[in-house]
Amino acid sequence: MTSEVGRSFDRQWAELAEIGRHAQTGGYRRYALTREDHDLREWFAGQATDRGLDLTLDRMGNQWAWWGDPDTIPGLVTGSHLDSVPDGGAYDGPLGVVSAFAALDRLRDSGVDPQRPLGIVNFADEEGARFGIACAGSRVITGALAPERALGLTDGDGLSMAEALRAAGRDPELIGPDPETLRRVGAFVELHVEQGRGLIDLDHPVALGTDIWPHGRWRLDFPGEANHAGTTRWADRQDAMIGLASTILAARAAATTHGCVATIGKTLITPGGVNAIPSAATGWLDTRGADEGAVRRTVAEVTAAAGDWGATVTEESWTATTRFDLDLLTRLRRALPAAPLLGTGAGHDAGILATAGIPTGMIFVRNPTGISHSPAEHAERDDCLAGVEALTAVLTELVGTGLAGAGP
Ligand SMILES: [Zn+2]
């Protein structure tokens with residue numbers, strides 16, 4: 001590891017540190033199509049310009065910075081996302097983007113002459129924190145999310161994605177599948193902070209990803225009737241909150257039975273007054289597990305439990321088990337023979353691209369507490385630099401050696 005690369009990493013990290021950081025919580029609030037998002041995208045564009053890379057936008061506004069011309073031969077792409085969950089950590093997403101630029105710098109410093117184009121991507125709206133669907137950027141360009149559905153999604157203030165795009169100076173009409181952009185991607189390798197404790201036990205700073213668990217999001221809408229909290233008799237109450245509360249416990253029980261995890265981490269209670277009986281309660285269920293059938297059985301039980309309270313259940317997204325490309329994994333293992341293999345319960349743009357048929361792999365960087373989607377999310381600097389080193393080795397293997405191709 002040269003100190004040059006440490007400097008490249010530190011400089012980028014410092015530039016990003018204050019963007020979207022909440023003064024009280026210390027967490028990041030970097031949501032799609034906001035001022036913070038704009039600043040992050042400007043930063044990405046600046047990094048591309050500084051390095052003489054060609055910056056392109058696709059039909060969903062994902063940013064691609066290319067070294068070499070991917071229209072002559074498909075390239076290898078690395079990178080991740082810059083948006084965050086509410087009060088998210090600094091590493092989820094940005095670590096992959098910063099490491100990509102640092103690895104490119106390292107590649108250039110070592111005089112590697114790429115035999116195929118190298119791209120760095122910043123996927124838009126990966127967390128789905130504002131409009132509710134994760135990986136919207138990659139889902140739209142691969143056709144996994146229809147543009148009319150994406151544009152109709154609304155944020156907490158009732159603003160649609162179409163309106164938010166217009167407010168950001170973008171044209172909603174342009175949103176849609178983008179096979180031309182995807183044709184340029186011969187393979188995709190995403191570096192990401194680990195969102196669990198797998199690497200702690202394995203005593204290694206980086207791992208290679210094997211698969212992503214099946215996972216999905218469901219919206220549960222419970223009906224009720226607003227009334228006075230003091231004067232309405234028990235018998236006359238239709239309290240939407242009771243159904244939601246009962247279903248949250250049912251979700252925990254069902255997930256435990258089937259060896260999955262289930263979380264209801266977001267609710268919307270109407271009218272939301274302390275002294276008013278809730279007239280409507282909405283909860284969003286996130287369910288994941290190693291086995292697809294077990295996840296489906298969990299959701300079926302939650303749906304039945306919600307149905308007992310007259311709720312409607314709507315599937316907002318579903319992603320089946322994603323297995324990363326075996327030929328690419330073989331090449332990644334050649335570059336990183338000591339790296340252990342890990343599956344993950346977290347969704348990523350890499351999973352969406354893999355499902356769309358693009359050879360895809362992932363590199364995970366050790367997280368000393370396993371905590372993620374929290375201001376406490378962390379990775380040691382030495383491990384981050386080990387991640388850059390690992391990514392550099394992978395890029396060298398895939399674009400720098402003159403081997404026939406990045407993919408199968
Ligand atoms: Zn992420």
Side-chain angles (χ1 to χ4, degrees), residues 32 58 60 62 76-85 88 91-93 95-97 100 119 121-129 131-146 150 177-178 181-182 185-196 198 207-218 260-261 263 286-292 294-296 299 315-329 332 341-365 372-373 391 394 406-408:
D58 62 29
M60 190 54 184
N62 303 303
L76 173 72
V77 176
T78 183
S80 191
H81 62 95
L82 294 174
D83 67 320
S84 78
V85 296
Y91 296 82
D92 177 357
L95 186 63
V97 176
V121 65
N122 170 28
F123 279 112
D125 200 6
E126 194 273 347
E127 300 288 5
F131 297 105
I133 294 195
C135 302
S138 53
R139 282 187 205 271
V140 167
I141 61 164
T142 56
L145 173 60
D178 195 338
T181 288
L182 296 172
V185 186
F188 177 56
V189 177
E190 180 171 4
L191 179 147
H192 204 280
V193 68
E194 196 201 345
Q195 298 171 291
L208 289 168
T210 51
D211 62 284
I212 297 178
W213 285 5
H215 57 278
R217 292 182 184 187
W218 291 263
C260 300
V261 289
T263 308
D286 176 307
T287 308
R288 309 168 194 228
D291 179 70
E292 217 162 290
V295 176
R296 285 297 190 187
V299 174
E315 182 175 296
E316 291 198 330
S317 67
W318 167 252
T319 308
T321 307
T322 307
R323 298 200 194 289
F324 292 126
D325 188 81
L326 276 180
D327 291 328
L328 181 62
L329 184 59
L332 297 180
L341 302 177
L342 273 186
T344 177
H348 298 284
D349 293 306
I352 307 297
L353 263 54
T355 303
I358 292 173
T360 297
M362 288 194 76
I363 299 171
F364 294 111
V365 172
S372 185
H373 286 186
L391 184 58
V394 162

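With values rounded to the nearest 0.5 angstrom, F188 atom CZ is found 6.5 Å from D349 atom CG. Here the CG atom belonging to L145 is positioned 12.0 Å from the CZ atom belonging to F131, to the nearest 0.5 angstrom. Here the straight-line distance linking atom CG of D178 with atom CG of D58 works out to 5.0 Å at 0.5 Å rounding. Taken from CZ in R217 to CD1 in I133, the straight-line distance is 8.5 Å, to the nearest 0.5 Å. How far CD of E194 is from CG of L95: 12.0 Å, rounded to the nearest 0.5 Å. For the atom pair CG (L332) and CG (D327), the distance works out to 11.0 Å, reported to the nearest 0.5 Å.
Checked by atom type and distance alone, the side chain of T78 pairs as donor or acceptor with a backbone atom of V189 at under 3.5 Å. Side-chain atoms of E126 never come within 3.5 Å of backbone atoms of S80 as a donor-acceptor pair (strictly under, hydrogens ignored). Distance alone, capped at 3.5 Å, places no donor-acceptor pair between the D83 side chain and the A32 backbone. With hydrogens and angles disregarded, a donor-acceptor distance shorter than 3.5 Å links the side chain of N62 to the backbone of A124. R139 contributes no side-chain N or O that, together with a main-chain N or O of I352, makes up a donor-acceptor pair within less than 3.5 Å. Using a distance-only test at 3.5 Å, with no hydrogens or angles considered, no donor-acceptor pair links the side chain of Q195 to the main chain of S372.
Across all non-hydrogen atoms, the minimal contact from I212 to G347 is CG2-CA, 4.1 Å. The shortest non-hydrogen separation linking A350 to T360 is O-CG2, 3.2 Å. Closest heavy-atom contact between V140 and A150: CG2-CB, 4.0 Å. The shortest heavy-atom contact between A320 and E292 is CB-OE1, 3.6 Å. Considering all non-hydrogen atoms of both residues, P359 and G186 come closest at CD-O, 3.4 Å. Between A129 and S84, the shortest heavy-atom distance links the atoms CB-O, 3.5 Å.
Within a 6.0 Å radius of CZ in R323, other residues, nucleotides and ligands contribute 12 heavy atoms or fewer.
By the 4.5 Å heavy-atom criterion applied to side chains, I363 and V394 are counted as neighbours. The shortest distance between side-chain heavy atoms of E127 and D92 falls below 4.5 Å. Considering only heavy atoms from C-beta on, R296 comes within 4.5 Å of W318 through its side chain. Side-chain contact between W213 and T319 is absent, with no heavy-atom pair separated by less than 4.5 Å.
A tilted orientation is assigned to the rings of F364 and H348, their planes being inclined by 30° to 60°.
With T210 as the partner, the side chain to side chain contact (heavy atoms under 4.5 Å, CB included) test is satisfied by one option alone out of T322, L341, L326: L341.
Side-chain contact check for H81 and D125: no donor-acceptor pair (N or O, by modelled atom type) lies under 3.5 Å.
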